[in-house]
Amino acid sequence: MARALINVPSKAKRGDVVEIKTLMSHPMETGFRTGSDGALVPRNIISRFACTYNGEVVFSAELFPAISANPFISFTTVATESGTLVFSWTDDKGQTQVQTAAITVE
Amino acid sequence: MNGTPGPSLLTRRQALATAAGGLVLVVARPARATPEAMQDVIRTFTGGAKVTEGRVKLDVTLLVENGNSVPLSVSVDSPMTAADHVVRIGVFNEKNPLPDVAIFNLTPRCGRATAATRIRLNDTQMITAIAQMKDGSFWSDTSEVIVTLPACVEG
């Protein structure tokens, strides 16, 4: 997997609900598509996504082949304290990509 | 084999053509989820509990040009407190090869019950979002999407 684009506000007021946007580059091969040789291309999608905030899971998702290539996922979280958000994407090959973002809460 | 195609060769050609034709037919009709398959998956998701229409807002464009990337967002009317919040939101479709689209697991730390993504749609069809609340109740919203260029059309 390549790197992901993550949009987290760097600063927030305590108690504010902040919007988080993530875009991971991945082909999300459905397993229903045939390649140039006429054979089915094996399925390889990101099936799990999770976001932890200072170690606590705030949001996670189970994805299916109906999610577009380069999956975009957006959700919200409450800015409780300064710290780190850890995002992880796991695909069918068992590869997990982890990326972090820092947030300062005033 | 000296020039003139014998009857056996013709038969062989016909047989090959028929075989190829059959193959094309099979390829042109990929497996599809049916509305019944969607109902089955929804039943698994809810455990057979009653689903009430309301509280959920499924926001997806009514007419999409390209089924490969359709923006979809879902929000639920919920205070998102520890006692009363949305636990899961499932999104399902009728006519893609598989009836599942995504399942979002939410916590009170989300603050607002909302999630967005981009999905693939194989045909003009109904999309359903179902939210499971902390108290075990299920709420839903359904939207029809017209797709001019479906996903999965090219090899």
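Below, all heavy atoms of this structure are taken into account, side chains as well, without hydrogens, waters or symmetry copies. Order of the sequence lines fixes the chain letters, A, B, ..., with proteins taken first and strands second; residue numbering starts at 1 for each chain.
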Colleague: What part of A/Y53 is in contact with chain B, defined as an atom under 4.5 angstrom from a non-hydrogen atom: side chain, backbone, both or neither?
Modeller: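 Both backbone and side chain.
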Colleague: Would B/L72 end up clustered with A/I45 when hydrophobic side chains under 4.5 Å apart are linked, directly or stepwise?
Modeller: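 In one cluster: yes.
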Colleague: Picking from B/I89, B/V101, B/V91, which has the most non-hydrogen pairs under 4.5 angstrom with chain A?
Modeller: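 Most heavy-atom pairs under 4.5 Å with chain A: B/V101.
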Colleague: For A/P65, is it the side chain, the backbone, both, or neither that has a heavy atom closer than 4.5 Å to a heavy atom of chain B?
Modeller: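 For A/P65, the contact with chain B is made by backbone and side chain together.
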Colleague: Specify the closest pair of heavy atoms between A/A61 and B/F104, including all atoms of both residues, with the distance to one decimal.
Modeller: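 Closest pair (atom of A/A61, atom of B/F104, distance): CB-CD2, 3.7 Å.
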Colleague: What part of A/E56 gets closer than 4.5 Å to chain B, counting heavy atoms only: side chain, backbone, both or neither?
Modeller: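 Side chain of A/E56 only, per the 4.5 Å heavy-atom cut-off to chain B.
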Colleague: Among A/N70, A/T77, A/V41, which residue has the highest count of heavy-atom pairs closer than 4.5 Å to chain B?
Modeller: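 Result: the option with the highest number of such pairs is A/T77.
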Colleague: Side chain from CB out, backbone as N, CA, C, O: work out which of these in A/V18 comes under 4.5 Å of a heavy atom of chain B, or both, or neither.
Modeller: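 Contact with chain B involves no heavy atom of A/V18 at all.
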Colleague: Name the region of A/I20, side chain, backbone, both or neither, that has any atom closer than 4.5 Å to a heavy atom of chain B.
Modeller: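 It is neither, since no heavy atom gets under 4.5 Å.
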Colleague: Top residue by heavy-atom pair count (under 4.5 Å) with chain A, among B/D100, B/N93, B/T114?
Modeller: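 Heavy-atom pair counts peak at B/D100.
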Colleague: Same cluster or not: are A/I6 and A/I103 linked, directly or through other Ile, Leu, Val, Met, Phe, Trp or Tyr residues, by side-chain heavy atoms under 4.5 angstrom apart?
Modeller: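 Per the 4.5 Å side-chain linkage, A/I6 and A/I103 are co-clustered.
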Colleague: Should B/P108 and B/M80 count as side-chain neighbours, where that means a heavy-atom distance under 4.5 Å?
Modeller: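 Answer no - side chains too far apart.
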Colleague: Below 4.5 Å, heavy-atom pairs only: which of A/F75, A/F59, A/F49 has the largest tally toward chain B?
Modeller: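 Highest number of pairs under 4.5 Å: A/F59.
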Colleague: Could you measure the distance from the NZ atom of B/K57 to the OG atom of B/S73? Nearest 0.5 Å is fine.
Modeller: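 Taking NZ in B/K57 and OG in B/S73, the distance rounds to 7.0 Å.
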Colleague: Treat each ILVMFWY residue as a node, draw an edge where side-chain heavy atoms are under 4.5 Å apart, and state whether B/M38 and B/I119 are in one component.
Modeller: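 They do not share one cluster, since no chain of ILVMFWY contacts under 4.5 Å joins B/M38 to B/I119.
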Colleague: Please state whether the side chain, the backbone, both or neither of A/S36 comes within less than 4.5 Å of a heavy atom of chain B.
Modeller: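 It is neither, since no heavy atom gets under 4.5 Å.
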Colleague: Have A/T104 and A/S82 got a donor and an acceptor in their side chains that come within less than 3.5 Å?
Modeller: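 Result is no, nothing qualifies.
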Colleague: Any link between A/I73 and A/F64 through a network of hydrophobic side chains (Ile, Leu, Val, Met, Phe, Trp, Tyr) touching at under 4.5 Å?
Modeller: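 The answer is no; the residues belong to distinct hydrophobic clusters.
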Colleague: In terms of heavy-atom proximity below 4.5 Å to chain B, should A/A69 be classed as side chain, backbone, both, or neither?
Modeller: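 Both backbone and side chain.
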Colleague: What part of B/V70 gets within 4.5 angstrom of chain A, counting heavy atoms only: side chain, backbone, both, or neither?
Modeller: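 Backbone of B/V70 only, per the 4.5 Å heavy-atom cut-off to chain A.
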